[in-house]
Amino acid sequence: MAKVTIDGIEIEVPEGTTILQAARLIGPEVAPPAMCYHSKLKTSGGYCRTCLVEVTKGSEKDPRPMPKLVPSCRTTIMDGMEVGNKSSAKVVEARKGVVEFLLLNHPLDCPICDQAGECHLQDLSYENGTAKTRTDFERRTFNKIDIGSKIQLHMTRCILCYRCVKVADQITDKRIHGVLNRGEASEISTYIENVVENDFSGNVIDVCPVGALTDKTFRFKSRVWFTKPMQAHRDCDKCTGKVNLWFKGEEVLRVTGRKDQWGEVEEFICNTCRFDKKKTSDWTVEKPAPINHHSVISANHYEVFVKPTEFKLNVVKPLSIEEKAN
Amino acid sequence: MQLTNRAQQVVQKEMTLAERLYLPAIFAGLSITIKHLFKKKATLKYPEVKREFAPVYRGQHVLKRDAEGRENCTACGLCAVSCPAEAITMDAAERKAGEEHLYREEKYAAKYEINMLRCIYCGLCEEACPKDAIYLTDRIVASEFTRGKFVYGKDVLVEKMDDRIDVSQRKKHYSIVNN
């Protein structure tokens, strides 16, 4: 076990834990944002630089600070390490720069994009970015590539987090899509427009933090915040069958995997569950899916309403017998 | 307990001669009436005379087109989610090849309805709109005989090309407020 202090909060974690995981154990107040790191995908992380933190004290044995900001998803903790995330002015400044770079080529077509409302890049830029861009250059454009009838690829929105490539590598048994070219010219593509056909290929939609890979069967059907997520399950021979159904009225518009507190998929689901089972009768509906109170998806849903406490019962002390007599 | 000092005690005293004549009281009342005849009137003779509206008056909505006549609205739903009265509903559709002259972006509102009876004319929809598409105007919503007719669809809301609606005053006002 090793002790680590993040933003002044101390926590004890096993050796080999990364700074990001330790921060997540403390809670969302200190956890750095992450675009490319995904807890269920091995070797993910280290590309996007949004989780940069400042290490002000290396360890108990060697208390020198680290010379540069380090990516918290790839840096393991040392005993006695002190980390500054939101409390460090350097990190706040650096993150602002990272967001600006991520948005350099992002088209900001949120009014059209189906991911709007559950997009990690929207949250990231809203919380850490600036309202204006300084770039004068044209944003990059691509020729449209059709990668099948179920998944829609918008290469202009991609931030090259490699999550979908990791899914193709680790979840599906044969990878037919990856990143082509290098640097600014790199792009996600199926090699020579191969159709992505695999039982678990649909999971690239769920892991995509932006709207680059979206569900074609849900395309322009409804905005995310007009649909209501419900947890449901069914017996599936390929996956666990635990999903979120997105209802509009009585209609199931979309099926996705369940996501945890950090917006990362809990269990990957198969394409049959995702694309072919769109009737309420196919599913056993359990309960409304928990949605963050601050998310736009919970707008106009009142299930999280907290009743104010009864003033009289809890605040006003009941009168004693002598007081009543007076 | 006395709240004000305006309360008067009721007394049944005998009226004086002037009071018993009633005429002074009648003339006092008439003089007030006659004075009002020469004052400026508070009302206008609508529809011959129309009152001047503030540049930000919030009346009937308009869905704007751009300079080339393409609809600005992309059915992003921000107006509907910001609407406190839940008066706006919409259905989106994908623009097909050959429709580029009708819709500005690849998604457009196939159906766009505002229930004018639900609407409280707060103007949050025009504030939320990222595409310069919806504006409230100084037009007054016409009266109808049935409630159903107050659900305005795209046929009423989208501005006609031969009858463009000027919202430049409004835009100017908002740019002053926002910056």
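Every chain is numbered from 1 and lettered A, B, ... according to where its sequence line falls, protein lines coming before strand lines.
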Step through the shown structure and confirm whether more than 12 heavy atoms of other residues, nucleotides or ligands are within 6.0 Å of [atom1] on [X].
| X | atom1 | value |
| --- | --- | --- |
| B/F53 | CZ | yes |
| B/R147 | CZ | no |
| A/Y126 | OH | no |
| B/E19 | CD | yes |
| B/Q8 | CD | no |
| B/K50 | NZ | no |
| B/K45 | NZ | no |

Worksheet entry | Contact residues of residues 252-260 of chain A (partner chain B; heavy-atom separation under 4.5 angstrom) |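 Residues of residues 252-260 of chain A touching chain B at under 4.5 Å: none.
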Discussion item. Are the side chains of B/T74 and A/F220 in contact, using a 4.5 Å heavy-atom criterion?
Written reply: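 A/F220 does not reach B/T74 side chain to side chain.
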Item to complete: Mind checking side-chain hydrogen bond (donor to acceptor under 3.5 Å, both in side chains) for A/H120 and listing every partner two or more places apart, or none if nothing turns up?
Response: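 side-chain hydrogen bond (donor to acceptor under 3.5 Å, both in side chains) list for A/H120, sorted by chain: empty.
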Worksheet item: Closest approach of B/V81 and A/F226, non-hydrogen atoms and distance?
Response: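 It is N-CZ, 4.1 Å.
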Fill in: Spacing of CZ belonging to A/R223 relative to CG belonging to B/L78, to within rounding of 0.5 Å
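Here the interatomic distance stands at 7.0 Å.
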Fill in: chain A contact residues among residues 103-114 of chain B, heavy-atom distance under 4.5 Å
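The residues closer than 4.5 Å to chain A, in numerical order, are B/E105, B/E106, B/K107.
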Discussion item. Taking 4.5 Å as the heavy-atom cut-off, does anything in residues 129-144 of chain B contact chain A, and if so which residues?
Written reply: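 Checking residues 129-144 of chain B against chain A gives B/P130, B/K131.
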